[in-house]
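Single-structure report; data block below.
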Number of protein chains: 2
Amino acid sequence: MTADRNPLADVNASLRQLMQLAQTRSKKIRKETGITGPQLLAMKTLADSPDLSISELARRIYLHPATVVGIVDRLEGQGLVERTPSKKDRRQVNVKLTRSGKGALRKTPVATQDSVLAGLESLPEKKLARLAANLAKIVKVLEAHAKGPVPKRRRGRPRKEESAPKKRRGRKSA
Amino acid sequence: MTADRNPLADVNASLRQLMQLAQTRSKKIRKETGITGPQLLAMKTLADSPDLSISELARRIYLHPATVVGIVDRLEGQGLVERTPSKKDRRQVNVKLTRSGKGALRKTPVATQDSVLAGLESLPEKKLARLAANLAKIVKVLEAHAKGPVPKRRRGRPRKEESAPKKRRGRKSA
DNA sequence: CACAAATTATTTGTATACGAATTTCAAATC
DNA sequence: GATTTGAAATTCGTATACAAATAATTTGTG
């Protein structure tokens with residue numbers, strides 16, 4: 001289906017399916033453990049290296065710090081992680097697993113440890129390795145392209161975008 | 001970087017980066033055209049086959065109908081698509097591009113036509129085709145696994161999840 | 001030390017994205 | 001024809017996910 005007509009569109013569709021599968025799996029894991037995929041990923045990262053700052057944690061899981069704040073908020077709400085103000089730099093916050101968080105992580109099935117891609121375990125080692133290398137290469141190409149890709153020509157003007165009246169913002173004004 | 005230690009984790013990281021790149025690109029396109037990636041994908045699909053129902057459109061872009069409702073809402077708010085009640089089945093709604101929508105689609109740069117993966121255009125045709133085939137295969141494996149993958153053993157009980165008092169719901173009660 | 005610049009976490013706003021519940025219809029069954 | 005069953009769109013709730021703005025702090029420069 002769709003044949004080799006337009007490889008780009010095919011890639012697009014595949015990635016879309018992939019994301020959907022990941023999300024479905026994430027929901028399933030959530031039902032079973034109460035923890036979502038991104039939350040699990042964050043916890044796993046914290047298990048390997050405790051006391052990460054929000055920024056560092058965000059870097060390691062390739063997410064925006066603003067997103068990680070929300071994830072940590074919810075994990076903290078469940079008592080799985082803990083925020084500690086850093087003594088070195090009072091802007092920073094150190095995040096680490098609580099005892100309960102470590103326990104929850106131990107109880108997650110092995111198959112879900114690697115987040116959303118449990119299905120790939122059935123592939124032979126060699127294929128899997130090749131796939132990993134392939135993907136890494138693709139990401140590299142896209143990354144390079146995203147950085148400085150001659151924009152060629154801009155056609156079509158940006159639409160206007162009214163901005164609502166701004167309100168209070170910023171850090172927790174304790 | 002991470003070497004061949006754990007291919008599964010590598011794949012996971014790559015996919016994560018991929019999704020992030022896609023999202024970043026989507027935001028960029030939005031700044032330039034006022035249209036986001038998913039919105040553009042929906043419009044492109046409607047350009048190929050007008051008067052799709054919400055469900056059918058959702059199927060074609062691999063999204064949940066509930067998600068597509070929101071996307072169509074926003075596109076309709078911008079006057080780019082139009083909802084028409086179906087005469088055959090009064091439950092259905094036919095969505096199609098407006099004249100303005102067609103114009104906007106024409107004005108989007110060619111590079112962004114294929115949504116979020118513009119960078120891949122620099123790859124040689126052959127590589128691209130191989131990549132497409134690879135991804136399709138992977139998706140198939142994951143899909144099969146998601147359907148019926150002997151669950152092995154369930155360990156760890158689901159957490160409780162309090163439910164708030166329900167409110168009014170359902171279709172637009174005109 | 002004073003002050004500008006950079007960093008850090010956070011909040012707000014917006015857009016996905018899905019599941020569950022719900023309403024409106026249509027179709028099948030009795 | 002009445003009832004049940006099913007499908008379609010929608011709403012609500014929740015969780016990502018990012019950009020921009022903001023407050024608190026640190027660092028660099030004079």
Side-chain angles (χ1 to χ4, degrees), chain A residues 16 19-28 30-31 34-39 41-42 53-59 61-75 77 83 85-86 88-95 161-174, chain B residues 16 19-31 34-39 41-42 53-59 61-75 77 83 85-86 88-95 116 161-174:
Chain A
R16 220 156 178 81
M19 284 193 262
Q20 195 214 0
L21 282 172
Q23 216 136 23
T24 299
R25 175 133 198 100
S26 174
K27 296 283 172 173
K28 195 176 166 193
R30 183 175 184 273
K31 259 212 198 120
I35 304 172
T36 64
Q39 288 172 11
L41 185 58
S53 71
I54 295 282
S55 313
E56 185 54 31
L57 179 56
R59 250 189 304 277
I61 59 183
Y62 303 102
L63 285 179
H64 200 281
T67 304
V68 174
V69 166
I71 292 174
V72 170
D73 278 349
R74 285 179 285 274
L75 284 176
R83 272 184 172 95
S86 168
K88 312 206 176 228
D89 187 334
R90 294 205 328 250
R91 291 169 302 179
Q92 289 188 15
V93 174
N94 290 131
V95 187
E161 203 161 4
E162 76 271 39
S163 53
K166 305 302 187 300
K167 294 184 179 179
R168 205 184 47 76
R169 278 185 181 190
R171 183 174 258 241
K172 178 170 43 184
S173 49
Chain B
R16 220 157 178 81
M19 286 194 262
Q20 196 214 0
L21 281 173
Q23 216 137 23
T24 300
R25 174 132 199 101
S26 173
K27 296 283 173 175
K28 195 176 166 194
I29 294 176
R30 182 174 184 273
K31 260 213 196 119
I35 304 172
T36 63
Q39 288 173 12
L41 183 58
S53 70
I54 295 281
S55 314
E56 184 55 31
L57 179 55
R59 249 190 304 278
I61 60 182
Y62 305 101
L63 285 179
H64 199 282
T67 304
V68 174
V69 166
I71 293 174
V72 170
D73 278 350
R74 284 178 286 274
L75 284 177
R83 273 184 171 95
S86 169
K88 312 209 175 225
D89 189 333
R90 294 210 321 258
R91 291 170 299 179
Q92 288 189 13
V93 174
N94 290 132
V95 187
V116 265
E161 203 160 4
E162 75 273 40
S163 52
K166 307 301 188 302
K167 293 185 179 178
R168 204 182 48 75
R169 278 184 182 189
R171 183 175 258 241
K172 177 169 42 184
S173 49

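When reading the values below, keep in mind they use all heavy atoms of this one structure, side chains included, and skip hydrogens, waters and symmetry mates. Everything quoted here is computed from the prediction, not taken from an experiment. First the proteins, then the strands, lettered A, B, ... as listed; each starts at 1.
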Check this one for me: any side-chain N or O of B/Lys31 less than 4.0 Å away from OP1 or OP2 of C/dT14? no
Taken in chain and number order and not counting sequence neighbours, the residues that satisfy side chain to side chain contact (heavy atoms under 4.5 Å, CB included) with A/Ala58 are A/Pro65, A/Val68
Atom CZ of B/Arg74 and atom C1' of C/dA17 are separated, to the nearest Å, by 10 Å
Check every strand shown and say whether A/Val69 touches a base, only sugar-phosphate, or nothing at a heavy-atom separation below 4.0 Å. base
Atom CG of B/Leu75 to atom P of C/dA15: distance rounded to whole Å? 10 Å
Are A/Leu63 and A/Ile71 side-chain neighbours, meaning at least one heavy-atom pair lies under 4.5 Å? yes
The residue, A/Lys27 or A/Ser55, whose nearest nucleotide of DNA chain C is more 5′ is A/Ser55
Excluding sequence neighbours, so at least two apart, what forms side-chain hydrogen bond (donor to acceptor under 3.5 Å, both in side chains) with A/Arg59? A/Glu56
Does A/Arg90 put a side-chain nitrogen or oxygen below 4.0 Å from OP1 or OP2 of C/dT7? no
Does A/Arg83 have any salt bridge (charged side-chain N to carboxylate O under 4.0 Å, His left out) partners at least two apart in sequence or in another chain, and if so, which? A/Asp73, A/Glu76
Examine C/dT16: is either OP1 or OP2 under 4.0 Å from a nitrogen or oxygen in the side chain of B/Thr36? Give yes or no. yes
Roughly, in whole Å, what's the span from CG in B/Asn94 to C1' in C/dC25? 15 Å
Short heteroatom pairs, N/O only, protein and nucleotides 27-29 of chain D, under 3.5 Å:
none

Any side-chain heavy-atom pair of A/Leu75 and A/Val95 under 4.5 Å: no
For A/Arg16 and B/Ile61, indicate whether the former's side chain and the latter's backbone hold a donor-acceptor pair under 3.5 Å. yes
As a test of reading the structure: which of C/dT16, D/dA9, D/dA15 is closest to the side chain of B/Ile54, going by heavy atoms? D/dA9
Between C1' of C/dT7 and NZ of A/Lys88, the distance in whole Å: 17 Å
Measure CZ/A/Arg30 against C1'/C/dA17 and give the value in whole Å, please. 13 Å
Can you name the residues that form a side-chain hydrogen bond (donor to acceptor under 3.5 Å, both in side chains) with B/Arg91, not counting sequence neighbours? B/Asp89
Can you tell me how far the OG1 atom of B/Thr36 sits from the NZ atom of B/Lys31, to the nearest 0.5 Å? 14.5 Å
If I take atom CG in residue B/Leu57 and atom P in nucleotide C/dA17, what distance separates them, rounded to the nearest angstrom? 12 Å
Report yes if a side-chain nitrogen or oxygen of A/Ser53 is closer than 4.0 Å to either non-bridging phosphate oxygen (OP1 or OP2) of C/dA9; otherwise report no. yes
Which comes earlier along DNA chain D counting from the 5' end, the contact point of A/Ala66 or that of A/Gly70, where each point is its nearest nucleotide? A/Gly70
Below 4.0 angstrom from OP1 or OP2 of D/dA9, is there any side-chain N or O of B/Arg83? no
Let me test you: for the helix from C/dC1-D/dG30 to C/dC30-D/dG1, what is the angle between the axes at its two ends (five pairs each), rounded to 10 degrees? 10°
Would you say D/dT26 has OP1 or OP2 under 4.0 Å from some side-chain N or O of A/Gln92? no
Value in whole Å for how far the P atom of D/dT14 lies from CD1 of A/Ile35: 18 Å
CG of B/Leu41 to CG of B/Leu57: how many Å apart, nearest 0.5 Å? 8.5 Å
Using a cut-off of strictly less than 4.0 Å, decide whether A/Thr67 has a side-chain nitrogen or oxygen near OP1 or OP2 of D/dC18. yes
Taking atom C1' of C/dT12 as reference, at what distance in whole Å does atom NE2 of A/His64 sit? 13 Å
Which comes earlier along DNA chain C counting from the 5' end, the contact point of B/Leu63 or that of A/Glu56, where each point is its nearest nucleotide? A/Glu56
